[in-house]
Amino acid sequence: MNEWINAMQARKWMKKNESFLPVWHAYVGSELQLFDYFKKARTVESVSEETGYPLDLLASWVRVGVAVKHMKRRPNQTFRTSKKRCASIVGNNASPGVKALVKEIMELHMPTLLKYPEYMREQSRARFDHERHGEVVAETSALLEHFAIKKIKKMLSDRNVRNIVDLGCGHGGYLRKLADEHPHVQMTGVDLNKNVIMRARKESAAYPNISFEVGDINSWVPEEGSADVILLHNIFHYIHPDSREGLLEHLNTYAARDGLISVITPISETEHGEAFSSAFNSFFVAHSNLFALPNKLQLQEISECCHFEMFDLDPIVKEGSWYTFWLTPSIHVHNLHQRTGTDNAEQTIPGQKQPQLTQTS
């Protein structure tokens, strides 16, 4: 190959991948609180002396920060964190979600994707450590709450709901948001990670109608015997495709006859967020205990097989191909059609609204 062409192609690839640097720089600065040390203009030497971090490594990090505009060069060889560029990761107003997302990318996604050649050559897989990484995953999952909670609240506003169960509840954010408007509804969060449950209990201490339990959602059942509303958010990639039908069948044993299941999940092979969802899917399948994302057809098939009607399928974060939809026992839909004089041909299909289900039971 012509040396000039070879050099130019390499240059183009290098330019494409410069976008990695801001993420790396933000991760290091966030993990070591370096952005906070440079909130006021300081020399690299003074920060190195205070923190004990090697001067050459710190100086290199600062130079990258100037290049990606996370740091500003000030007089007398001093540097300061950019208030505009780094507002979401510095100080008391820092966003826990942004910091958790950067941490998840750098500590989970990138190392796994970089080991793809090893996994493929050796036909091996990584193993996701729920105890070690459960906290950061719960934090990033909570980012979806803002986009989904309005739809959930609207669906529940006209229903006679007695209890709500959140499976894989994380830190309990959905339940707290619902409890603000439904203080008399009993709510239970269930998660396999003990540390996550401990934090959920702490953050929900002011809500007497919320309780939390450590449990496996594949076998856990509510003490009341049934649940009016079940939240099943970001769960499918933890369940083997062959076992997802079994999970829905288990939920059918205690979902109320006119109950609702709220589902949030990234979906593969959609028209939205293809790059992100395919990379996300690559991360999952590289693990022996994480699994491929479902597509729309698979979701519809397991719903029908388990006698659930699936409706109101909508993207809530298009860039990540995250979707939300509802499931309800098919017998409830059949009864509704009988009362309203419609027939089976008019039952909903994925993505179609079904306003009758917002009526009080």
Side-chain angles (χ1 to χ4, degrees), residues 88 93 95-98 100-101 137-191 200 203-204 206-207 209-210 212 227-236 251 255-256 258-267 270-273 276-277 280 296 299 303 308-328 332 348-361:
S88 60
N93 295 322
S95 166
V98 172
L101 185 61
V137 170
E139 194 71 61
T140 55
S141 295
L143 298 175
L144 295 172
E145 292 173 14
H146 173 77
F147 302 100
I149 195 65
K150 184 177 180 180
K151 180 178 180 179
I152 297 171
K153 286 181 176 179
K154 183 177 180 181
M155 180 61 83
L156 303 186
S157 61
D158 296 326
R159 295 180 66 85
N160 181 24
V161 177
R162 297 161 300 172
N163 56 24
I164 298 174
V165 169
D166 186 357
L167 301 176
C169 63
H171 296 147
Y174 283 103
L175 294 183
R176 288 191 294 276
K177 288 179 172 63
L178 293 175
D180 286 334
E181 295 188 12
H182 303 277
H184 302 298
V185 175
Q186 293 302 307
M187 304 184 186
T188 305
V190 182
D191 202 287
E203 294 188 6
S204 308
Y207 296 86
N209 61 321
I210 303 180
F212 293 94
D228 296 323
V229 177
I230 301 172
L231 308 183
L232 193 67
H233 298 167
N234 290 311
I235 291 297
F236 283 124
L251 300 190
D258 59 349
L260 288 172
I261 299 177
S262 167
V263 183
I264 298 174
T265 183
I267 296 178
T270 70
E271 65 275 23
H272 302 297
F276 183 87
S277 65
F280 210 25
K296 292 180 182 180
L299 290 171
S303 299
F308 282 109
E309 187 76 10
M310 175 182 172
F311 66 99
D312 206 7
L313 180 72
D314 286 317
I316 55 169
V317 180
K318 291 182 178 180
E319 299 84 353
S321 194
W322 260 284
Y323 279 72
T324 178
F325 60 91
W326 296 95
L327 297 175
T328 192
H332 175 48
T348 56
I349 59 174
Q352 185 177 10
K353 307 288 185 181
Q354 186 166 351
Q356 295 101 317
L357 290 176
T358 61
Q359 300 298 319
T360 303
S361 303

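Residue numbers start at 1 and run along the sequence shown. Predicted, not measured: the structure shown is a model, and the values here were computed from it.
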Practice problem: For Phe276, enumerate each residue passing the ring-ring contact (aromatic ring centres under 6.0 Å, His included) test, keeping only those at least two apart in sequence or located in another chain. | Solution: Phe280, Trp322

Quiz item: Shortest non-hydrogen contact from Val317 to Phe147?
Solution: CG2-CD1, 3.8 Å

Quiz item: Nearest 0.5 Å, what's the NZ-CE distance between Lys296 and Met310?
Solution: 8.5 Å

Quiz item: Between Val185 and Leu178, does a side chain to side chain contact (heavy atoms under 4.5 Å, CB included) hold up when you go through it step by step?
Solution: CA-CA 9 Å; Val185 175; Leu178 293 175; over 6 Å; no

Self-check item: pair Tyr323-Leu299: side-chain heavy atoms closer than 4.5 Å
Solution: no

Practice problem: Could you tell me the separation between the OG atom of Ser277 and the NZ atom of Lys318, rounded to the nearest 0.5 Å? | Solution: 14.5 Å

Exercise. With rounding to the nearest 0.5 Å, note down the distance linking CD in Glu309 to OG1 in Thr328.
Key: 8.5 Å

Quiz item: Taking only residues two or more places apart in sequence, or in another chain, which ones meet Lys150 in a salt bridge (charged side-chain N to carboxylate O under 4.0 Å, His left out)?
Solution: none

Quiz item: Does Ser262 reach the side chain of Leu231, with side-chain heavy atoms less than 4.5 Å apart?
Solution: yes

Quiz item: What pair of heavy atoms forms the shortest contact from Leu327 to Ser303, and how long is it?
Solution: CD2-OG, 3.3 Å

Self-check item: Where at least one partner belongs to residues 155-175, residue pairs that pass ring pair (Phe, Tyr, Trp, His ring centres under 6.0 Å), sequence neighbours excluded
Solution: Tyr174-His233

Exercise. Evaluate the side-chain proximity of Leu156 to Asp228: yes if any heavy-atom separation is below 4.5 Å, no if none is.
Key: no

Quiz prompt | From CA spacing to verdict: salt bridge (charged side-chain N to carboxylate O under 4.0 Å, His left out), Lys151, Asp312 | solution = CA-CA 10 Å; Lys151 180 178 180 179; Asp312 206 7; 3.6 Å; yes

Practice problem: Only counting residues at least two apart or in another chain, list the ones meeting salt bridge (charged side-chain N to carboxylate O under 4.0 Å, His left out) with Glu319. | Solution: none

Self-check item: Heavy-atom pair of closest approach, residues Asn209 and Ala179
Solution: ND2-CB, 3.9 Å

Exercise. Determine the minimum heavy-atom distance between Ala100 and Glu139, stating which atoms define it.
Key: CB-CG, 3.4 Å

Quiz item: Can you tell me how far CD1 of Ile230 sits from CD1 of Ile164, rounded to the nearest 0.5 angstrom?
Solution: 11.0 Å

Quiz item: Do Ile264 and Ile316 touch side chain to side chain, with heavy atoms closer than 4.5 Å?
Solution: yes

Self-check item: From Leu101 atom CG to Ser141 atom OG, the distance as rounded to the nearest 0.5 Å
Solution: 10.5 Å

Practice problem: Determine the minimum heavy-atom distance between Gly170 and Ala138, stating which atoms define it. | Solution: CA-CB, 4.2 Å

Quiz item: Can you list the residues that meet the ring-ring contact (aromatic ring centres under 6.0 Å, His included) rule with Phe325, with sequence neighbours excluded?
Solution: none

Quiz prompt | Backbone of Ile267 reached by a side-chain donor or acceptor of Ser321 within 3.5 Å | solution = yes

Self-check item: Phe212 to Leu175 - nearest heavy-atom pair and separation
Solution: CE2-CD1, 4.2 Å

Exercise. Please identify each residue that fulfils side chain to side chain donor-acceptor pair (under 3.5 Å) with Thr265, with sequence neighbours left out.
Key: none

Quiz item: Between atom CG of Asp158 and atom CG of Asn160, what is the distance when rounded to the nearest 0.5 Å?
Solution: 11.5 Å

